[in-house]
Amino acid sequence: MTAIVWIRRSLREYDNTALVEASKEHEEVIPFYVVDEEYFSEASLGYPRVKFWRESLIELKESLQDSGQDLVVRKGKTIKQLRKIIGETGAEELYFNRDYSSYARQRDEEAMELDVDVKTFKDIVMFEKEEILTNSGTPYKVYTYYSKKWFKKEKGRPQKVEDYEVPEIESNNIPDLKQLGFERPNDFEWNWSPGRKGGLERLEAFKDKIMDYDEDRDYAWKDATSRLSPHLKFGTVSIREVFWEAERIKARNPNEDTSGVKTWQEELAWRDFYFQMLYNFPESREEALQEQFRSIDWRQKSEARDLWEAWINGRTGFPFVDAGMRQLKKTGWMHNRLRMVVTSFACKDLWLDWHDVHDYFNENFVDAEIASMIGGIQWAYSIGTDAQPYFRVFNPWTQGEKYDPDGEYIRKWVPELEDVQDEYIHRPHKMNQIAQRESDCIIGEDYPRPVVDHDERREEAVKRFEEARED
Ligand SMILES: Cc1cc2nc3c(=O)[nH]c(=O)nc-3n(C[C@H](O)[C@H](O)[C@H](O)COP(=O)(O)OP(=O)(O)OC[C@H]3O[C@@H](n4cnc5c(N)ncnc54)[C@H](O)[C@@H]3O)c2cc1C
């Protein structure tokens, strides 16, 4: 009996649950991937993510071929291609790993209707759907309590696939980026190693930093986080293997303070938390989770062109914010502290519509993950269920002073501020004429004045949130 394993976002063989389970039951297994070109023109995708995905897919195919297997790739409409391969091969079972966004769930429901036995598996998260519920049986909306149960609950271990054979079947080429409609943006620096090899290298490199994660993770200028997010997004490493790798580090250091390792695992729990939020509250993709803030009249980017352009191009005159937005534009990734700061700024200082912010991130993040992104945006916008309270407004200057005290991160991403003296690096608009000339940075010419008055905007934002609550 032949089984098809429909691979989507778990681009690896090791511990790929659907593949592992199929290999236990079947001698003949067909790892199968559909490239739906229409999806590439419709979804808001961008160069970094598509490049990462494509190179990871190619690496998977090559590594399977090296071990005598293959990945059968077909181009076309997903369900049609699945139906076709089932017909061609007479496969009796279809295996795949579950996914949780509305788009994925609808697609997967269609696949369930195919004339074949369908088996689906949990793979991309540690705990899914309703596995962790409150004592009264409802989904958690607050992370702290959720995470307590997450840590206590028994977790799956990584598994190896068993031997299987892949029959010889025609496979299509994986289209290149141009064919898919993507070109490298001007000035873009590609510094990722996609694929499993790249993911394992990242994990290995991070082992030297994980003990200090607790202390260092918030400092934007330190390279102190794992940068595994695109690898977890595309499943080139599995959630189980990274969790258990961290556990091994704790076990090997019984006499040391391993709170850094625990804090890192907390982030994996946040990831699961947001996945279950998206699954249980799919409306959060479009609407604020806090009903009282659904009526807020955000400013769309078309109504605030200048502010929008200043924000996306890192030219707001707030150096820490600008550094974050430029890091994103140039590399497809942004440090978590900056994701919070720039999003809070888009909300409380610029009053930009969070849907526009979402679409921009979705297009530009190499690791764009709807669940974590919606969770992160609604947190910073104070409209999620476990969010930053609306009256607690990040100060974009003091955030920089605290998390980038010497301005190292700012100088790296905003080169026109490179020679600005330390005392002005967070507020370059305060420089007098002499200081501006000495630092080769004329405010209003080389670097903009602040586009808004932060104190005024903060007051205005709080007022608007309060009005929305009273409505
Ligand atoms: C506005 C906003 C948008 C975000 N959008 C995304 C997104 O599209 N994709 C994404 O993967 N993460 C997103 N995050 C969460 C977080 O910023 C990134 O996961 C993290 O910066 C990735 O870097 P890292 O791999 O070095 O993380 P590490 O600090 O090494 O953390 C390890 C892993 O844990 C997960 N993780 C870490 N922090 C969070 C978090 N706050 N929420 C959920 N998962 C987390 C990620 O998978 C990450 O790779 C967003 C956060 C905010 C505030």
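Under 3.5 Å, the side chains of Q65 and D70 contain a donor-acceptor pair of N or O atoms. Under the 3.5 Å distance criterion, with hydrogens and angles disregarded, no donor-acceptor pair is assigned to the side chains of E162 and S23. A donor-acceptor contact under 3.5 angstrom links the side chains of N135 and K149, judged on distance only. Under 3.5 Å, the side chains of T263 and D214 contain a donor-acceptor pair of N or O atoms. For the residue pair N362 and R49, a side-chain donor N or O sits within less than 3.5 Å of a side-chain acceptor on the partner. A donor and an acceptor atom, one from each side chain of Q179 and E37, are nowhere located under 3.5 Å apart. Between the side chains of Y100 and Q276, no donor N or O sits under 3.5 Å from an acceptor N or O.
Put simply, the side chain of F127 reaches to within 4.5 Å of the side chain of K155, judged on heavy atoms. Looking at L71 and L57, their side chains come closer than 4.5 Å, going by heavy atoms from C-beta outward. Contact check for F320 versus K402: no side-chain heavy atoms found under the 4.5 Å cut-off. Within the 4.5 Å cutoff, the side chain of W150 has heavy atoms near those of the L268 side chain. Contact of the E369 side chain with the R9 side chain is registered, since non-hydrogen atoms from C-beta on lie closer than 4.5 Å. By the 4.5 Å heavy-atom criterion applied to side chains, K330 and F188 are not counted as neighbours. Side-chain contact between N364 and M334 is absent, with no heavy-atom pair separated by less than 4.5 Å. Put simply, the side chain of L232 reaches to within 4.5 Å of the side chain of R271, judged on heavy atoms.
For K51 and W192, the positive end is not near the middle of the six-membered ring at less than 6.0 Å and at most 45° from its axis. With a 6.0 Å cutoff to the six-membered ring centre and a 45° limit on the axis angle, R157 counts as a cation-pi contact of W244. Judged by the 6.0 Å distance and 45° axis criteria, K262 is positioned over the aromatic ring of F151.
Minimum interatomic distance between D15 and S238 (heavy atoms only, all atoms of both residues): OD2-OG, 2.6 Å. Between Q378 and L289, the shortest heavy-atom contact is OE1-N, 2.9 Å. The two residues M373 and H358 make their nearest non-hydrogen contact at SD-CD2, 3.5 Å. Nearest approach of S10 to D123, heavy atoms of both residues: OG-OD2, 2.7 Å. The two atoms that bring Y143 and A269 nearest to each other are OH-CB, 3.6 Å, heavy atoms only. Closest approach of I79 and R107 over heavy atoms only: CD1-O, 3.9 Å.
Taking the side chain to side chain contact (heavy atoms under 4.5 Å, CB included) definition, one finds that N172 meets it with R74, K75, E170, sequence neighbours left out. For the side chain to side chain contact (heavy atoms under 4.5 Å, CB included) test, residues two or more places apart in sequence or in another chain that qualify with E25 are Y95.
Distance alone, capped at 3.5 Å, places no donor-acceptor pair between the T236 side chain and the L11 backbone. Side chain of D117 to main chain of E93: no donor-acceptor pair is present (N/O by atom type, distance under 3.5 Å, no hydrogens or angles). Using modelled atom types, one side-chain atom of S147 and one backbone atom of T144 make a donor-acceptor pair closer than 3.5 Å. One N or O on the side chain of T385 and one on the backbone of K141 form a donor-acceptor pair closer than 3.5 Å. Side-chain atoms of K329 do not come within 3.5 Å of backbone N or O of I312 as any donor-acceptor pair. A distance-only check finds no donor-acceptor pair linking the side chain of R196 to the backbone of R12 [under 3.5 Å].
Residue V321 is tested with L338, I410, V342 for a side chain to side chain contact (heavy atoms under 4.5 Å, CB included); the sole match is V342. Among N97, I30, T78, the one residue that satisfies the side chain to side chain contact (heavy atoms under 4.5 Å, CB included) test with W6 is T78.
In this structure, K24 places its NZ atom where more than 12 heavy-atom neighbours from other residues, nucleotides or ligands lie under 6.0 Å away. Enclosure of atom CD in E165 is not indicated, since only 12 or fewer non-hydrogen atoms of other residues, nucleotides or ligands lie within 6.0 angstrom. Residue D66 places its CG atom among more than 12 non-hydrogen atoms of other residues, nucleotides or ligands, all under 6.0 Å distant. Heavy atoms from other residues, nucleotides or ligands lying under 6.0 Å from CG of N191 number more than 12. In this structure, R392 places its CZ atom where only 12 or fewer heavy-atom neighbours from other residues, nucleotides or ligands lie under 6.0 Å away. Environment of NZ in K197: sparse, with no more than 12 heavy atoms of neighbouring residues, nucleotides or ligands closer than 6.0 Å. For R285, the CZ atom counts as densely surrounded, since its 6.0 Å shell holds more than 12 non-hydrogen atoms of other residues, nucleotides or ligands.
Rounded to the nearest 0.5 Å, atoms CZ (F234) and CG (D367) are 9.0 Å apart. Between the NZ atom of K250 and the CD1 atom of I210 there is a distance of 9.0 Å, given to the nearest 0.5 Å. The distance from atom CZ of R217 to atom CG of N336, rounded to the nearest 0.5 Å, is 8.0 Å. With rounding to the nearest 0.5 Å, the separation of CG in D99 from CG in D108 is 6.5 Å.
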Exercise. Run the numbers on W311 and F345 for ring pair (Phe, Tyr, Trp, His ring centres under 6.0 Å), then give the verdict.
Key: CA-CA 9 Å; W311 184 70; F345 187 80; 8.4 Å; no

Practice problem: Decide salt bridge (Lys or Arg N to Asp or Glu O under 4.0 Å) for K222 and E215; before the verdict, give the C-alpha distance in whole Å, the side-chain angles of both, and the deciding distance to 0.1 Å. | Solution: CA-CA 11 Å; K222 289 190 181 182; E215 268 177 35; over 6 Å; no

Exercise. Take F40 and W53 through the test ring pair (Phe, Tyr, Trp, His ring centres under 6.0 Å) and record every step on the way to the result.
Key: CA-CA 12 Å; F40 287 85; W53 157 79; 5.0 Å; yes

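Ring pair F394/W379 is tilted by interplanar angle, where 30° to 60° counts as tilted. Between F361 and F365, the two ring planes are parallel [angle under 30°; tilted spans 30° to 60°]. Ring geometry for Y403 against Y219 counts as tilted: the plane angle lies between 30° and 60°, on a 0 to 90° scale.
Taking the six-membered ring where the residue is Trp, the centroids of F465 and W351 are separated by under 6.0 Å.
Within the structure, salt bridge (Lys or Arg N to Asp or Glu O under 4.0 Å) pairs that include any residue of residues 348-364 do not occur (at least two apart or interchain).
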